[in-house]
Amino acid sequence: MIGVETWRIVATCLLTLGGLVLVLVAMAQARDRKGSTRGDVARSALISLGVLAVADALAATVLPSTITWGIVAAEWILIGVVTLAD
């Protein structure tokens, strides 16, 4: 059995949690645009979830620790900025 480093598991979990928050933010922004339809909201959700899935896969497998933790930190800073901006 191939072992996974603990930091990869923790970073991937934090990346996933923050990513789900940002997916909801993207969906809300798509909903708030004038002339948007349910399809636009669904499309933004699918694109966001796809990007999140790729980022999670890379963080869990091949990215070095500094890049992975940098992405996690940038994501949580972005969440802070987006939530405080309103």
Side-chain angles (χ1 to χ4, degrees):
M1 183 172 165
I2 298 174
V4 178
E5 295 97 350
T6 304
W7 71 265
R8 285 195 185 273
I9 296 170
V10 173
T12 303
C13 289
L14 288 173
L15 190 65
T16 302
L17 181 63
L20 291 176
V21 171
L22 289 176
V23 166
L24 293 175
V25 168
M27 291 173 64
Q29 288 179 348
R31 184 194 68 219
D32 289 343
R33 273 186 242 127
K34 284 188 174 182
S36 66
T37 63
R38 288 184 179 178
D40 295 332
V41 176
R43 188 176 326 120
S44 72
L46 289 174
I47 291 170
S48 300
L49 287 171
V51 169
L52 178 61
V54 169
D56 281 343
L58 290 174
T61 56
V62 297
L63 288 179
S65 64
T66 53
I67 294 175
T68 301
W69 285 113
I71 292 170
V72 171
E75 178 184 48
W76 283 97
I77 290 169
L78 180 64
I79 289 170
V81 168
V82 167
T83 55
L84 291 175
D86 287 336

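Keep in mind the model is a prediction, meaning the values are calculated, not measured.
By the rule that hydrophobic residues join a cluster once side-chain heavy atoms approach within less than 4.5 Å of another member, L78 and L15 end up as members of one cluster. When the side chains of ILVMFWY residues are joined at heavy-atom separations under 4.5 Å, either directly or via intervening members, I47 and I71 end up in two distinct hydrophobic clusters.
Among residues at least two apart or in separate chains, salt bridge (Lys or Arg N to Asp or Glu O under 4.0 Å) pairs with a member in residues 4-23 are E5-R8. Sorted by first then second residue, the salt bridge (Lys or Arg N to Asp or Glu O under 4.0 Å) pairs that include residues 18-37, not counting sequence neighbours, number zero.
Side-chain contact between V21 and V82 is absent, with no heavy atoms from C-beta onward closer than 4.5 Å.
Every residue meeting the side chain to side chain contact (heavy atoms under 4.5 Å, CB included) condition with I9, not counting sequence neighbours, appears here in chain and number order: V4, C13. Here L14 pairs with V10, W69, V72, W76 under the side chain to side chain contact (heavy atoms under 4.5 Å, CB included) rule; sequence neighbours left out.
Shortest non-hydrogen contact noted between A30 and D40 is CB-O, 4.3 Å.
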Check: residues 48-59 side-chain donor-acceptor pairs under 3.5 Å, at least two apart:
| from | atom 1 | to | atom 2 | distance (Å) |
| --- | --- | --- | --- | --- |
| S48 | OG | S44 | O | 2.8 |
| D56 | OD1 | T16 | OG1 | 3.3 |
| D56 | OD2 | T16 | OG1 | 2.8 |

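Here the CG-CG distance, from L22 to L17, works out to 10.0 Å after rounding to the nearest 0.5 Å.
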